Every structure is written in C-alpha cells, then in structure tokens.
Amino acid sequence: MGWINYVLVAAIAAAAMGGIYSLVKHAKGQGDCCGGGGNIVDSCEKKTLEGPALGRYILHVEGMHCDNCRRTVERRLDKFDGAVCRVDLNRKTATVTYDRPVDPEQLRLAVTMMDYQVTGIDREEV
C-alpha cells in the first residue's frame, strides 16, 4: 500500500470522525440542525398580545431540536391573530397564549405542515 493510500484512509477517517461528532451534537440538541445554527442570537422583536390573555394552548411537539426549530414554530404560530407563541425545547412544547378565540386544530395543522408532530394539546384558562 503506497503513501497515497495512507493519505486517503486518513482523510476518510477524519471525515468520519467529524460526521460522528456532528451527529452526537445534533442528538443532544446542540448542533446546527435544520440549517439554523446553534448560537444565533434572536434579534427579532417578540410579538405581544393587544388585549388581556383569555387562555393558552400548550401543544406537545415532537421534532424540534434547535433554536432554528424554535424560531420557525414561534414565527408561524405568531401569525395567528390574537396569539403569541413561546417554544420550550426542553419540554418539547409550544405555548400559545391568546386574547381572542383561536382554533386549536388550526394550530395543530400549522405545526404539522412544517413537518413536526403534535402529540397533544392542553388548554389552560388564564
């Protein structure tokens, strides 16, 4: 086996180790999954309710792994009139607080259309 073969084997081994490292970070929720980057500062102004909160829906969501996932879900659910969303990645929840009626099935549909899975929705009165 010539020196070229050793160089090729070393390059392949280094690439494999980098891939494994990335995979482990992604599995821990620390990676740059979904194209978002793990350490991006959220510079967007947070939406607030116009009136007093009437209640909240807590959507249990599978498939959110990183800040980009969080921002994507929050931005989509913030588009509902009278609703504000905050995602908790550790609890795998999206909490939608509302100041006017919001259809929870429309919230579910919006999340599932982004390829996340809603496993349940709880309602809380405020």
Side-chain angles (χ1 to χ4, degrees):
M1 192 150 103
W3 67 274
I4 296 277
N5 290 336
Y6 287 115
V7 170
L8 288 173
V9 169
I12 292 170
M17 291 302 291
I20 291 170
Y21 176 75
S22 259
L23 180 66
V24 169
K25 280 183 68 177
H26 178 81
K28 290 180 176 180
Q30 301 168 343
D32 300 342
C33 76
C34 312
N39 296 322
I40 295 175
V41 176
D42 208 352
S43 62
C44 299
E45 189 173 313
K46 298 286 186 181
K47 180 180 175 184
T48 58
L49 295 176
E50 295 174 10
L54 301 176
R56 68 178 55 99
Y57 290 110
I58 301 170
L59 288 74
H60 302 273
V61 182
E62 292 294 326
M64 298 184 298
H65 301 287
C66 66
D67 283 338
N68 188 54
C69 297
R70 176 188 56 79
R71 283 189 301 276
T72 299
V73 171
E74 286 180 350
R75 279 191 210 125
R76 177 63 188 100
L77 296 180
D78 278 351
K79 289 182 180 180
F80 284 83
D81 287 336
V84 173
C85 178
R86 297 295 177 260
V87 168
D88 185 328
L89 291 173
N90 293 326
R91 293 185 176 168
K92 299 180 181 181
T93 58
T95 301
V96 179
T97 306
Y98 53 90
D99 63 5
R100 62 195 82 159
V102 175
D103 182 358
E105 288 307 312
Q106 291 297 315
L107 298 173
R108 178 190 306 269
L109 181 63
V111 172
T112 56
M113 288 182 71
M114 294 183 293
D115 292 329
Y116 299 106
Q117 181 182 6
V118 178
T119 59
I121 300 177
D122 299 325
R123 182 177 181 198
E124 291 182 357
E125 297 294 325
V126 177

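Computed from a predicted structure; not experimentally measured.
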(message) Among V87, I58, D88, which residue satisfies the side chain to side chain contact (heavy atoms under 4.5 Å, CB included) criterion with T95?
(response)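 The residue from V87, I58, D88 that satisfies side chain to side chain contact (heavy atoms under 4.5 Å, CB included) with T95 turns out to be I58.
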
Taking atom [atom1] of [X] and atom [atom2] of [Y], what is their separation to the nearest 0.5 Å?
X	Y	atom1	atom2	answer
M114	T72	CE	OG1	7.0 Å
R71	C85	CZ	SG	13.5 Å
M64	L59	CE	CG	9.0 Å
R123	I121	CZ	CD1	11.5 Å

Taking all heavy atoms of [X] and all of [Y], pick out the closest pair and write down the distance.
X	Y	value
L77	A94	CD1-CB, 4.3 Å
T119	E62	CG2-CG, 3.7 Å
A53	T97	CB-CG2, 3.6 Å
V126	G55	CG2-CA, 3.4 Å
Y116	G63	CE2-O, 3.3 Å

(message) Given 3.5 Å as the limit, does a donor-acceptor pair link the side chain of K47 with the main chain of V84, or not?
(response) no

(request) Check for a donor-acceptor pair, side chain of D99 on one end and backbone N or O of E50 on the other, with a separation under 3.5 Å. (result) yes

(request) For R91, look at atom CZ and say whether over 12 heavy atoms of other residues, nucleotides or ligands are found less than 6.0 Å away. (result) no

(request) Go through D81 and R100 one step at a time and tell me if the side chain to side chain contact (heavy atoms under 4.5 Å, CB included) criterion holds. (result) CA-CA 8 Å; D81 287 336; R100 62 195 82 159; 3.9 Å; yes

(request) Please tell me if the side chains of V73 and R76 come closer than 4.5 Å, counting only heavy atoms from C-beta onward. (result) no

Is any side-chain N of the basic residue among [X] and [Y] closer than 4.0 Å to the acidic one's carboxylate O?
X	Y	result
R86	E74	no
D78	R75	no
R56	E125	no

(request) Only counting residues at least two apart or in another chain, list the ones meeting ring-ring contact (aromatic ring centres under 6.0 Å, His included) with F80. (result)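 So F80 forms no ring-ring contact (aromatic ring centres under 6.0 Å, His included) with any residue.
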
Contacts under 3.5 angstrom, residues 101-109 side chains, donor-acceptor by atom type, not counting sequence neighbours:
residue : atom : partner : partner atom : Å
D103    : OD1  : E105    : N            : 3.0
E105    : OE1  : R108    : NE           : 3.1
R108    : NH1  : V118    : O            : 3.4

